Amino acid sequence: MNDIMVGKKILVFGARNKWSIAWHCATALRREGASVAFSVYGEREQKDVASMLEKAEWDAPIVLCNATNDEEVESAVKEAAGHFGDELHGVIHAIAFAKRDELKGEFVPTSKEGFTLAHESSVYTLISIARSARPYLAASGGGSIVTLTYLGAERVIPNYNVMGVAKAALEASVRYLAADLGPENIRVNAVSAGPIKTLSASGISGFDTMLKAAAERAPLRRTVEADDVADGVLFLLSDLARGVTGETLYVDGGYHIIG
Ligand code: IMJ
């Protein structure tokens with residue numbers, strides 16, 4: 001541990017289980033000396049994250065929040081910041097959702113409802129969280145917001161469909177938020193992770209074949225783990241990235257550069 005996050009107070013959205021990228025980010029933050037608070041979707045997630053914390057002998061606050069509801073976001077951020085003396089240095093947004101049946105086959109059948117759901121849960125939540133966190137980040141002299149994205153935002157990846165369109169909107173939102181919040185020394189960036197086996201990838205048809213193909217093509221000749229992604233997120237949250245905003249950082253073993 002290099003203590004690069006000592007004294008930093010970070011709120012993490014999107015932890016569900018021990019495979020969650022959000023959980024790996026939180027663990028990396030703890031390793032580097034940060035204080036972490038968790039915002040989780042529902043009571044099931046609250047129970048699961050609470051038992052993960054207990055197992056890790058880690059005492060960290062958990063707040064409940066369905067991030068598609070502005071009022072819930074507002075009060076969750078307020079409650080979490082309250083644990084940290086009304087200061088926040090960073091926020092991780094690791095939230096995405098689309099209808100399972102729209103993450104297979106053609107994109108053409110995407111429904112208006114499914115399109116709206118994917119954008120509301122995977123894109124709008126970042127905007128809402130940034131708005132609510134803004135005063136607490138500004139109060140500590142600035143801060144860093146990091147979200148998770150995927151190559152499907154810019155290339156057609158089989159089955160990714162409406163999530164790809166939502167991730168494109170997410171990456172554009174990162175740039176617009178970065179432009180607005182930059183004058184307050186609040187940075188906004190995304191990490192584009194290579195494919196990883198998490199709950200969000202379970203049941204996706206052909207995923208194992210895809211992982212194998214990605215490992216063969218990537219310059220590093222391997223797929224990435226959640227820990228690799230977590231360290232990229234940590235960099236963007238840290239002062240080492242003080243000059244970086246509006247950016248997408250690829251943690252994918254170099255896969256995206258290959259033609
Ligand atoms: C997800 C679907 C299709 C292809 C996919 C993925 N590939 C990868 C993912 C190639 C890497 C995982 N990923 C990057 C995601 O953003 C996943 C989002 C997601 C997953 C589910 C599954 C369960 C469900 N809804 C979901 N919504 C979003 O019901």
Side-chain angles (χ1 to χ4, degrees), residues 12-25 40-42 44-45 48 66-68 92-126 129 146-174 189-218 220 222-230 232-233 248-256 258:
V12 179
F13 284 84
R16 285 178 71 170
N17 56 39
K18 64 180 176 183
W19 295 282
S20 297
I21 293 174
W23 173 252
H24 286 264
C25 291
V40 300
Y41 176 71
R44 188 180 58 186
E45 288 75 14
D48 291 352
N66 169 355
T68 62
I92 298 174
H93 171 270
I95 300 174
F97 190 74
K99 289 183 177 198
R100 183 178 278 283
D101 65 346
E102 295 192 352
L103 295 173
K104 54 172 180 250
E106 289 194 341
F107 172 62
V108 172
T110 303
S111 64
K112 193 203 287 192
E113 188 202 341
F115 180 93
T116 305
L117 173 68
H119 284 73
E120 180 178 73
S121 36
S122 315
V123 189
Y124 181 74
T125 52
L126 176 69
I129 287 167
V146 182
T147 186
L148 274 306
T149 186
Y150 178 58
L151 188 62
E154 28 178 341
R155 314 259 188 88
V156 174
I157 308 280
N159 305 312
Y160 202 55
N161 298 344
V162 71
M163 269 312 304
V165 177
K167 290 298 194 188
L170 181 74
E171 291 178 14
S173 301
V174 163
N189 293 287
V191 166
S192 186
I196 303 173
K197 274 205 131 169
T198 66
L199 188 61
S200 279
S202 64
I204 307 300
S205 72
F207 197 79
D208 285 338
T209 322
M210 227 206 90
L211 282 176
K212 201 164 166 279
E216 282 167 9
R217 277 173 73 80
L220 295 182
R222 64 173 181 93
T223 52
V224 293
E225 305 292 332
D227 286 344
D228 299 314
V229 174
V233 170
T248 301
L249 173 68
Y250 292 81
V251 180
D252 66 346
Y255 182 85
H256 73 106
I258 299 298

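Bear in mind the structure is a predicted one, so any value in this text is a computation, not a measurement. Read the numbers this way: they start at 1 and go in the same order the structure lists the ligands and their atoms.
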May I have the list of side-chain donor-acceptor pairs in residues 203-217 shorter than 3.5 Å, sequence neighbours left out?
from	atom 1	to	atom 2	distance (Å)
Asp208	OD1	Lys197	NZ	3.0
Arg217	NH2	Gly259	O	3.2

Can you produce the list of protein nitrogen or oxygen atoms under 3.5 Å from a nitrogen or oxygen of ligand 1, alongside each distance?
from	atom 1	to	atom 2	distance (Å)
ligand 1	16 (O)	Tyr160	OH	2.7
ligand 1	25 (N)	Ala98	O	2.7
ligand 1	27 (N)	Ala98	N	2.9
ligand 1	27 (N)	Ala98	O	3.4

With Val229 as partner, the option from Asp252, Val191, Leu249 fulfilling side-chain contact (heavy atoms from CB on, under 4.5 Å) is Val191

Students often mix this up, so state it plainly: with edges at 30° and 60°, are the rings of Tyr160 and Tyr150 parallel, tilted or perpendicular? perpendicular

Here the gap from Thr248 atom OG1 to Leu148 atom CG, rounded to the nearest 0.5 Å, amounts to 11.0 Å

With Asp48, which residues qualify under salt bridge (charged side-chain N to carboxylate O under 4.0 Å, His left out), at least two apart? none

Looking at residues at least two apart in the chain, or sitting in another chain, which of them share a ring-ring contact (aromatic ring centres under 6.0 Å, His included) with Tyr124? none

